[in-house]
Amino acid sequence: MASDLFNGRLEDVKFTQLFVNGSFVDSLSGKTFQTIDPRTGDVIAAVAEGTKEDVDAAVQAARHAFDSGPWPRFPGSERGRILMKLADLIDQNAEELAALDAIDAGKLYRWSKTEISSVANMLRYYAGAADKIHGEVLKMSREFHAYTLLEPIGVVGHIIPWNFPSTMFFAKVSPSLAAGCTMVVKPAEQTPLSALFYAHLAKLAGIPDGVLNVITGFGPTAGAAISSHMDIDKVSFTGSTQVGREVMQAAAKSNLKQVSLELGGKSPIIIFDDADVDKAVELALIGVLYNKGEICAAGSRVFVQEGIYDEFEKKLVQKAKAWAVGDPFDPNVQQGPQVDKKQFEKILSYIEHGKREGATLLTGGKAVGNRGYYIEPTVFINVEEDMVIAQDEIFGPVMVLMKFKTMEEAIKSANNTKYGLAAGIVTKNIDIANTVSRSIRAGTIWINCYFAFGDDVPFGGYKMSGFGKEHGMEAVHKYLQVKSVVTPIYNSPWL
Ligand code: ADP
């Protein structure tokens with residue numbers, strides 16, 4: 001049983017050092033930090049604390065691997081073969097990897113296992129893309145012709161959040177590896193463990209030394225050293241909007257490296273009168289409770305049309321009260337603990353704020369148990385659109401439920417946010433579905449479904465949810481740059 005792997009036995013965590021130039025090493029300062037089990041608040045392991053000097057060493061290795069190593073020069077098919085091998089190694093170690101994310105991030109073990117097999121498939125998608133990267137032949141209007149080369153952008157810095165330690169790692173690492181880049185990855189300080197395991201597997205798969213470096217450590221030190229580095233060509237960040245802004249500023253102030261940002265959200269789910277109420281309740285609950293609400297695309301604002309509102313509210317409360325919160329290794333549990341004490345306290349303080357603002361707590365609102373970081377599924381009603389709980393990303397199991405009359409009113413309310421990551425629409429009416437999906441300013445629209453992600457479906461924000469897509473071929477192009485090559489067709493004077 002994978003859960004037995006982590007019954008408080010620290011020796012079960014195999015990789016706790018930085019991964020630089022193909023080797024596990026202590027941080028140059030020798031410092032470590034503790035990663036905590038959110039089920040109990042106990043320490044899981046001490047992990048190397050990388051700082052600017054470690055980032056410098058990793059960038060140096062990545063630069064050398066890019067300028068002189070085989071990775072960018074391999075035929076794409078060879079990169080693809082190695083990525084396929086890495087995918088197989090991930091599948092072979094899925095239980096242990098899933099347990100690492102479950103214990104480090106409080107994710108449900110069974111969902112974590114699904115996530116691990118999805119990241120293996122994501123790698124396979126990009127392995128298949130690696131030999132299909134090519135430019136275009138262009139017909140110039142004069143006696144010339146031109147073509148474009150798509151070249152890997154160089155050394156990439158990836159800054160990863162804690163809510164999906166494996167998916168976010170591979171959403172960034174796989175397309176950039178396929179493109180031929182080399183990289184320095186900084187996992188979140190709350191969830192460093194699986195990334196180090198992936199570094200070990202990458203070496204076994206045959207990824208050359210220096211191509212993939214992993215520096216564990218804190219945001220303001222190791223993270224900031226990446227975004228302000230003079231020899232990193234691109235930074236890809238997923239996390240809060242506030243830190244995204246800092247990353248972009250640091251990039252601008254240093255070497256103008258390219259930036260892509262996948263940031264926060266306050267996504268609406270709009271449920272129309274013709275919806276099947278039971279199904280709509282399920283969808284709305286999963287929309288806000290999946291991964292205990294710690295997901296940027298959470299459908300945390302739910303708008304229900306007045307004709308079905310009362311029935312929806314009644315059924316929602318019943319289901320929310322029956323939602324099982326508890327140990328993420330228990331197969332009957334639907335929601336584990338929040339990632340850490342800070343996030344747990346932040347969510348509870350938003351709930352208090354909501355009450356003070358005058359919203360009504362329909363259900364939930366309290367911590368569960370007196371150990372670990374568990375919070376009840378929480379629903380607020382009597383919410384005004386300008387309240388803090390209706391505007392801020394809470395990143396927890398907290399829904400604001402609102403009633404609407406007309407489609408036009410729903411569109412206006414749904415767009416009343418600085419964010420634009422995703423939206424859900426529940427209706428059988430194709431005209432409503434088409435009109436609303438074109439009217440919402442968000443990067444992904446799910447009609448009669450939610451969280452329907454796909455390796456080939458681009459995902460990313462509008463407005464202050466960021467820019468640059470993850471998934472799909474768009475993600476490969478994020479790590480490529482276009483070079484134009486022009487030559488005369490005949491051996492003729494060129495002017
Ligand atoms: P949250 O606020 O939800 O914890 P963050 O946006 O702070 O999310 O964290 C996402 C990632 O960004 C983490 O890997 C974190 O270490 C990193 N990070 C935090 N602050 C900075 C910073 N100033 N510069 C670069 N990276 C940072």
Side-chain angles (χ1 to χ4, degrees), residues 18 27 33-36 38 47-52 54-56 58-59 101 104-107 156-173 183-196 198 213-229 232 234-255 257 259-266 291-298 300 338-347 349-350 373 392-396 398 419 421 461 464-466 470:
L18 311 178
S27 62
F33 66 99
Q34 295 178 333
T35 184
I36 304 292
V47 176
E49 184 187 334
T51 55
K52 183 178 176 306
D54 302 290
V55 169
D56 286 344
V59 173
D101 279 355
D104 219 6
K107 301 173 84 70
V156 182
H158 294 304
I159 302 178
I160 314 277
W162 42 260
N163 57 339
F164 285 86
S166 293
T167 300
M168 293 298 158
F169 183 94
F170 281 104
K172 295 186 186 304
V173 164
M183 60 208 64
V184 178
V185 187
K186 196 203 84 62
E189 49 271 42
Q190 296 86 344
T191 56
L193 299 178
S194 54
L196 295 172
Y198 291 126
N213 304 276
V214 179
I215 299 292
T216 47
F218 292 95
T221 47
I226 290 176
S227 48
S228 61
H229 206 285
I232 289 183
K234 158 139 203 155
V235 61
S236 174
F237 169 83
T238 298
S240 60
T241 297
Q242 180 202 335
V243 175
R245 198 191 292 273
E246 286 175 35
V247 166
M248 200 164 162
Q249 277 171 346
K253 282 187 188 150
S254 53
N255 63 343
K257 60 178 71 58
V259 177
S260 57
L261 304 174
E262 205 259 87
L263 308 175
K266 191 77 181 174
N291 207 47
K292 1 116 196 187
E294 292 171 349
I295 175 163
C296 49
S300 48
Q338 307 307 137
V339 74
D340 66 0
K341 187 158 187 271
K342 186 172 153 221
Q343 185 62 16
F344 169 77
E345 286 172 352
K346 182 177 150 197
I347 296 164
S349 88
Y350 266 117
Y373 308 129
D392 279 19
E393 180 180 50
I394 298 177
F395 227 60
V398 183
Y419 294 116
L421 199 50
M464 284 178 72
S465 291
E470 312 271 27

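As the structure lists them, so they are numbered: ligands from 1, and atoms in each ligand from 1.
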Taking atom 22 (C) of ligand 1 as the reference point, the nearest protein heavy atom with its distance: Gly219 O, 3.5 Å
Ile159: numbered ligand 1 atoms lying under 4.0 Å from its heavy atoms: 11 (C), 12 (O), 14 (O), 17 (C), 25 (C), 26 (N)
Identity and separation of the nearest protein heavy atom to atom 12 (O) of ligand 1: Phe237 CE1, 3.2 Å
Ile226 and ligand 1 - part of the residue with a heavy-atom distance under 4.0 Å: neither
Protein heavy atom at shortest distance from atom 7 (O) of ligand 1: Val243 CG2, 3.6 Å
Any donor-acceptor pair under 3.5 Å from Thr35 side chain to Gln190 backbone: yes
Asn255 versus His229, side-chain donor and acceptor atoms under 3.5 Å: no
Protein residue, atom and distance nearest to atom 4 (O) of ligand 1, heavy-atom basis: Trp162 NE1, 2.9 Å
For atom 16 (O) of ligand 1, the protein heavy atom that lies nearest, with its residue and separation: Glu189 OE1, 2.5 Å
Over-ring placement of Lys186 relative to Phe237, 6.0 Å and 45° cut-offs: no
Nearest candidate to atom 23 (N) of ligand 1, where distance is taken over non-hydrogen atoms, out of Glu246, Arg245, Glu393, Lys346: Glu246
Contact check: Lys342 vs ligand 1, nitrogen or oxygen atoms, below 3.5 angstrom: no
Atoms in ligand 1 flagged as close to Thr238, the criterion being non-hydrogen separation under 4.0 Å: 10 (C)
For atom 14 (O) of ligand 1, closest protein heavy-atom neighbour: Ile160 O, 2.7 Å
Polar side chain donor-acceptor pair, Glu294 to Gln343, under 3.5 angstrom: no
Salt bridge (Lys or Arg N to Asp or Glu O under 4.0 Å) partners for Lys266, two or more places apart: none
Between Ser227 and Lys257: side-chain donor-acceptor atoms closer than 3.5 Å: no
Ring centres under 6.0 angstrom apart (Phe169, Phe164): no
Numbering as shown, the atoms of ligand 1 that approach Gly223 to under 4.0 Å (heavy-atom distance): 24 (N), 25 (C), 26 (N)
Non-hydrogen atoms of Ile215 and Pro187 that approach each other most closely: O-CD, 3.4 Å
Closest protein heavy atom (residue, atom, distance) for atom 5 (P) of ligand 1: Ser240 OG, 3.8 Å
Phe395 and Trp162 aromatic ring geometry - parallel, tilted or perpendicular at 30°/60° bounds: perpendicular
